[in-house]
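What follows is a single structure, written as structure tokens, with notes after it.
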2 protein chains.
Amino acid sequence: MKIATLKDIAEQLNISVTTVSKALKDYPDVSKKTKLQVKELAKTLNYKPNAFAVNLRKRESKTIGLIIPVIVHHFFSNVIKGIISQAEKKGYLVITLQSDESYELEKKQVELLLSQRVDGIIISLANGTAKYDHLNEIIAQGKPLVMFDKIAKIVKCSKIIIDDRKAAYTATQHLIDIGCKRIAHFRGALLPQNSIDRFLGYKKALLDNNIPYDPSLVYICECGDMSFEEGKKNAEQLLTDHDDVDGIFINTDLVAIGAMTAFQEMGVKIPDDISIVGFSNWFMSSVISPSLTTINQPGVEMGKMAFKQLLKEIKALKKGKTFEPKTVVLKTDLIVRASTKNTIS
Amino acid sequence: MKIATLKDIAEQLNISVTTVSKALKDYPDVSKKTKLQVKELAKTLNYKPNAFAVNLRKRESKTIGLIIPVIVHHFFSNVIKGIISQAEKKGYLVITLQSDESYELEKKQVELLLSQRVDGIIISLANGTAKYDHLNEIIAQGKPLVMFDKIAKIVKCSKIIIDDRKAAYTATQHLIDIGCKRIAHFRGALLPQNSIDRFLGYKKALLDNNIPYDPSLVYICECGDMSFEEGKKNAEQLLTDHDDVDGIFINTDLVAIGAMTAFQEMGVKIPDDISIVGFSNWFMSSVISPSLTTINQPGVEMGKMAFKQLLKEIKALKKGKTFEPKTVVLKTDLIVRASTKNTIS
DNA sequence: TTCTTAATCGAAAACGTTTTCGAAAGTAAC
DNA sequence: GTTACTTTCGAAAACGTTTTCGATTAAGAA
């Protein structure tokens with residue numbers, strides 16, 4: 001019932017704890033005979049090294065922390081999957097926490113992970129996060145930090161992102177290419193960097209095509225998380241504000257789907273009356289009707305990359321080396337589906 | 001840069017490590033003055049107790065393990081969310097692993113968690129799991145184990161489930177009530193208990209209503225995970241096998257959506273030609289067209305329950321008490337939407 | 001024989017905490 | 001001056017590993 005320790009093995013074999021430890025890790029200064037005996041007994045006693053003791057001694061936990069705004073989310077759960085699978089391959093475990101888009105919680109969770117002595121932290125910022133002391137503390141403690149998707153540019157750490165601006169530009173350009181003249185934008189929250197970047201990409205595409213930028217066509221979401229309801233609300237508002245809009249680029253698929261639902265309820269035809277482009281390529285977007293044109297955001301790959309970078313830094317630090325923060329930009333693709341329709345050719 | 005320890009504080013204050021430790025936890029045998037000094041210095045040094053050392057000493061990690069078949073999954077990610085949030089509230093952290101529906105991986109992951117000395121394990125079984133040695137080992141080590149959703153009845157541990165049979169019965173009865181005469185069933189994999197139970201509920205509903213049970217109407221999925229493609233394939237097969245089916249009860253929403261997509265591509269009208277009921281109430285199901293009638297499966301609540309039960313058992317064991325495994329059955333609801341249509345009244 | 005080398009082992013310290021137990025010093029009572 | 005408390009502290013052991021460094025023995029070389 002009690003879990004076996006090195007001491008138990010040593011006593012049963014009448015040898016020292018030292019020798020048992022060395023035998024199990026194939027040190028050269030242990031005889032073949034003893035090694036065999038030790039290994040055999042270890043197996044029958046179902047010996048497993050006590051991780052606490054190993055951690056304490058080695059000053060590393062083989063564990064990393066992961067903080068994300070929401071778990072029930074197609075993109076984020078893909079990232080989680082990517083991180084966990086990659087980590088497991090390399091012998092690391094992942095402690096996951098959800099910040100719920102709250103700065104306060106996020107800060108508390110960083111403290112928690114630090115006192116747990118994780119070997120490194122991967123984080124995607126909450127929308128509410130505007131102060132970065134808690135992140136700088138991680139770095140100050142000499143712990144690797146990797147941010148992904150929702151990042152803070154100022155913080156000196158590695159970042160795994162997509163080119164939001166370029167992707168948004170591509171999305172908007174697609175609307176223009178198919179003949180849209182009045183293009184609205186649902187930009188989500190004001191703060192997060194990718195919200196800003198997507199907005200800038202949208203704006204640039206307009207200007208590059210000599211379409212005047214009209215601020216009244218940009219809808220902001222004051223609430224914490226972009227949601228289905230937000231999309232519905234914005235769509236209804238848009239319809240009362242403007243009757244000439246023929247295209248919308250929307251920050252997130254979920255919001256886009258909310259908007260589409262509202263439009264359909266109000267008798268607006270998609271894509272005939274309005275073309276819509278979303279962002280993220282949620283699985284859902286391929287099965288709704290009409291299917292949603294969107295930007296594919298490679299979640300699993302992002303997760304894997306984030307862990308790989310973190311591991312690189314963990315290893316560098318272990319060897320006493322320093323490292324330069326690196327920013328990896330992952331490729332995105334425009335996926336054209338039924339929610340956008342060419343009215344030109 | 002270096003992280004402060006009790007010793008550092010002790011040396012700077014010229015007192016013993018013992019006193020520092022006691023001061024920080026407000027032991028009565030430390031003077032107010034020393035307590036104040038210690039706490040102040042601890043704050044300025046940003047002292048955080050070393051979790052490894054505490055764990056080693058206290059023989060508990062305040063960490064639990066969670067193994068699930070898939071992360072990117074509406075129901076499971078909801079459960080994860082429930083577990084993590086509840087655990088955080090109680091001061092516990094969660095290490096999440098994904099078994100990918102593989103018995104081998106699941107077994108390895110249990111070993112991993114045990115050697116990590118987690119305080120308990122929550123698990124939802126892989127479809128491929130038919131042997132339970134690894135689970136019994138957890139119990140043999142005196143660690144609490146809670147299973148949810150995909151459980152093994154034989155294993156003596158607490159279980160959080162829904163009444164799959166009853167839910168399936170309700171779903172099938174709904175199809176019968178609206179006038180369906182030939183009702184098919186996509187049952188998913190052969191092995192998992194809930195797949196079996198849902199099938200039994202389906203069958204019982206038929207028989208209770210004097211509808212003959214026809215095995216050729218039950219479609220099995222040989223593959224590991226139930227997927228969108230599986231639904232399409234089954235739908236196509238069904239259409240060539242039988243032309244008189246007017247209702248289907250499908251194991252999982254995702255498969256149901258796949259089937260609906262296939263039907264729509266083949267010109268079969270839903271719900272006019274065939275009524276469909278899914279299972280789980282994925283968010284997606286409410287926004288597709290037609291929206292999907294389904295059984296609501298309370299993921300977050302299930303996760304919270306699972307953790308609560310686990311914590312109860314952890315606490316009992318800590319006090320040296322024993323406990324009786326408990327099975328909690330959560331309520332489900334039928335959610336009627338547009339994919340089923342009353343052809344009677 | 002004596003010296004060198006190789007092979008095999010173990011004592012001990014260290015990682016950072018927690019907790020038990022006793023010591024010391026001060027105060028109060030007699 | 002002795003006894004009896006109270007208050008405040010610290011030594012030491014323990015949790016289970018890992019690793020350094022010496023010790024011991026045996027074998028081979030001189």
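In this text the structure is predicted, and so the values were computed from the model without any measurement. Throughout, protein chains are lettered first and strands after them, A, B, ... in sequence-line order, and every chain is numbered starting at 1.
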Send over the distance from [X] [atom1] to [N] [atom2], rounded to a whole Å.
X        : N      : atom1 : atom2 : result
B:Arg117 : D:dG16 : CZ    : C1'   : 9 Å
A:Asp8   : D:dC15 : CG    : P     : 11 Å
A:Lys33  : C:dC9  : NZ    : C1'   : 13 Å
A:Leu13  : C:dC9  : CG    : C1'   : 13 Å
B:Lys62  : C:dT17 : NZ    : C1'   : 16 Å
B:Lys7   : D:dA12 : NZ    : C1'   : 15 Å
A:Asp29  : D:dT24 : CG    : P     : 17 Å
A:Lys58  : C:dA13 : NZ    : P     : 22 Å

- prompt: Is it true that a side-chain atom of A:Glu106 and a backbone atom of A:Ser99 form a donor plus acceptor pair closer than 3.5 Å?
  reply: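 The answer is no, because no donor-acceptor pair under 3.5 Å joins these two groups.
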ring-ring contact (aromatic ring centres under 6.0 Å, His included) partners of residues 80-135 of chain A, not counting sequence neighbours, each pair once
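Those involving residues 80-135 of chain A are A:Tyr92-A:Phe307, A:Tyr103-A:His134.
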Sequence neighbours excluded, the answer for side chain to side chain contact (heavy atoms under 4.5 Å, CB included) partners of A:Leu191 is A:Ala130
message = Could you work out, with side chain to side chain contact (heavy atoms under 4.5 Å, CB included) as the rule, every residue matching A:Lys326, not counting sequence neighbours?
response =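 Once residues adjacent in sequence are excluded, the partners of A:Lys326 under the side chain to side chain contact (heavy atoms under 4.5 Å, CB included) criterion are A:Ser158, A:Gln309, A:Lys312, A:Val328.
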Per-pair distances, 0.1 Å, donor-acceptor, side chain in residues 112-121 of chain B, under 3.5 Å, sequence neighbours excluded:
| residue | atom | partner | partner atom | Å |
| --- | --- | --- | --- | --- |
| B:Ser115 | OG | B:Leu112 | O | 3.2 |
| B:Arg117 | NH2 | A:Lys48 | O | 3.1 |
| B:Asp119 | OD1 | B:Ser61 | N | 2.9 |
| B:Asp119 | OD1 | B:Ser61 | OG | 3.2 |
| B:Asp119 | OD2 | B:Ser61 | N | 3.3 |
| B:Asp119 | OD2 | B:Lys62 | N | 2.7 |

Can you identify which nucleotide, out of [options], has its nearest atom closest to the [X] side chain?
X       : options                : result
B:Thr5  : C:dT19, C:dC9, C:dG16  : C:dG16
B:Arg59 : C:dC15, D:dC15, C:dT19 : D:dC15
A:Leu6  : D:dG10, C:dT8, D:dT17  : D:dT17
B:Ser16 : D:dG10, D:dC9, C:dC9   : D:dG10

Margin query: Is a donor from one side chain sitting under 3.5 angstrom from an acceptor on the other, for A:Asn46 and B:Glu137?
Written below: yes
Those residues at least two apart in sequence (or on a different chain) that pass ring pair (Phe, Tyr, Trp, His ring centres under 6.0 Å) with B:Tyr47 are none
B:Phe148 meets the ring pair (Phe, Tyr, Trp, His ring centres under 6.0 Å) criterion, sequence neighbours left out, with none
Ordered by number, residues from residues 18-26 of chain A within less than 4.0 Å of DNA chain D (heavy atoms) are A:Thr18, A:Ser21, A:Lys22, A:Lys25
Does anything in residues 34-56 of chain B reach DNA chain D, meaning a heavy atom under 4.0 Å, and if so which residues?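 The stretch gives B:Thr34, B:Leu56 as the residues lying under 4.0 Å from the strand, ordered by number.
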- Item | Any residue meeting side-chain hydrogen bond (donor to acceptor under 3.5 Å, both in side chains) with A:Lys58, in chain and number order, not counting sequence neighbours |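 Not a single residue meets the side-chain hydrogen bond (donor to acceptor under 3.5 Å, both in side chains) criterion with A:Lys58.
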- [ ] Would you tell me if any nitrogen or oxygen in the side chain of A:Tyr27 comes within less than 4.0 Å of OP1 or OP2 on D:dT19?
- [x]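 Looking at the OP1 and OP2 atoms of D:dT19, one of them is under 4.0 Å from a side-chain N or O of A:Tyr27.
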